Amino acid sequence: MEDCLFCKIIKGEIPSTKVYEDEYVYAFKDIEPVAPIHILVVPKKHISSLNEIKEDDEVLIGKIHMAIVKIAKELGIDKDGYRVINNCGKNAGQTVLHLHFHLIAGVNMGEKLI
Ligand code: 5GP
Ligand code: ZN
């Protein structure tokens with residue numbers, strides 16, 4: 001089966017602006033940012049959505065969140081704060097079927113969205 005868009009980005013077959021990478025996680029700038037900082041944090045393993053995680057992925061989900069905090073600290077957004085969003089499925093507006101977390105910051109979102 002052909003790799004999905006984010007698998008191609010992880011492999012470097014489609015260019016991206018890398019922000020962070022480790023054994024489990026790849027993070028890059030969203031192509032259509034909704035805030036001054038908008039990063040996509042994705043597992044290197046292809047999982048199509050949050051619905052599809054298995055018991056074996058428990059560590060991976062923790063690694064993704066550890067990576068998000070590392071990135072937030074590296075970018076200096078940990079103090080002012082940030083939002084982490086996962087869109088799961090059609091009604092949430094998930095468009096890319098490879099699990100990803102949006103890391104959004106650089107603006108006060110107190111009155112917006114959720
Ligand atoms: P979703 O709507 O599935 O939660 O989020 C998908 C995100 O991927 C969107 O915010 C969209 O802007 C981003 N995106 C789609 N295609 C590309 C691409 O080729 N490169 C990058 N960097 N981001 C992409
Ligand atoms: Zn994929």
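Every value quoted in this text rests on a predicted model; they were computed, and no experiment measured them. In each ligand, atom 1 is the first atom listed, and ligand 1 is the first ligand listed.
Nearest to atom 14 (N) of ligand 1 among the protein's heavy atoms is Ile31 CG2, 3.8 Å.
The part of Asn87 lying near ligand 1 is the side chain, judged by heavy-atom distances below 4.0 Å. Only the side chain of Leu5 comes within contact range of ligand 1, with a heavy atom under 4.0 Å; no backbone atom does. Contacts with ligand 1 closer than 4.0 Å are made by side-chain heavy atoms of Phe6 only, the backbone lying farther away. Contacts between Leu40 and ligand 1 below 4.0 angstrom, taking non-hydrogen atoms only, involve the side chain exclusively.
For the atom pair CD1 (Ile85) and CZ (Phe101), the distance works out to 11.5 Å, reported to the nearest 0.5 Å.
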Check step by step if side-chain contact (heavy atoms from CB on, under 4.5 Å) holds for Val42 and Val25.
CA-CA 6 Å; Val42 312; Val25 173; over 6 Å; no
Please lay out, stage by stage, how Tyr82 and Val69 fare under the test side-chain contact (heavy atoms from CB on, under 4.5 Å).
CA-CA 10 Å; Tyr82 51 89; Val69 175; 3.9 Å; yes
Apply the test side-chain contact (heavy atoms from CB on, under 4.5 Å) to residues Ile39 and Phe28: give CA-CA distance (whole Å), side-chain angles for both, the deciding distance (0.1 Å), then the verdict.
CA-CA 6 Å; Ile39 293 161; Phe28 55 102; over 6 Å; no
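Checked options Lys11, Lys8, His46; the residue passing with Asp3 is Lys11 (criterion: side-chain hydrogen bond (donor to acceptor under 3.5 Å, both in side chains)).
Nearest to atom 13 (C) of ligand 1 by heavy atom, out of Ile14, Asn86, Asp30, is Asp30. For atom 22 (N) of ligand 1, the candidate residues are Lys29, His100, Glu32; the nearest heavy-atom contact is made by Lys29.
His100 has its ring centre less than 6.0 Å from the ring centre of His102.
The shell of residues lying under 4.0 angstrom from ligand 1, judged by heavy atoms, excludes Ser16. Ile9 counts as a contact of ligand 1, since one of its heavy atoms falls under 4.0 Å from the ligand.
For the pair Lys44 and Asp22, the salt-bridge criterion is not met [side-chain N within less than 4.0 Å of a carboxylate O].
Vertex the Zn ion (ligand 2); arms to Cys4 atom SG and His98 atom ND1; angle 100° (nearest 10°).
For ligand 1 and Val96, the ligand atoms under 4.0 Å from any heavy atom of the residue are 3 (O), 6 (C). For ligand 1 and His102, the ligand atoms under 4.0 Å from any heavy atom of the residue are 1 (P), 4 (O), 5 (O), 7 (C), 10 (O). Each of the atoms 3 (O) of ligand 1 lies under 4.0 Å from some heavy atom of Gln94. Interface atoms of ligand 1 facing Phe28, defined by a heavy-atom separation under 4.0 Å, are 21 (C), 22 (N).
Environment of CG in Asp78: crowded, with over 12 heavy atoms of neighbouring residues, nucleotides or ligands closer than 6.0 Å. For Lys63, the NZ atom sits in a loose shell: 12 or fewer heavy atoms of surrounding residues, nucleotides or ligands are nearer than 6.0 Å.
Considering backbone and side-chain atoms alike, Thr95 places an N or O below 3.5 Å from some N or O of ligand 1.
Taking every heavy atom of both residues into account, Ser49 and Gln94 meet most closely at CB-OE1, 3.5 Å.
Atom ND1 is the N, O or S atom of His46 at the shortest distance from the Zn ion (ligand 2).
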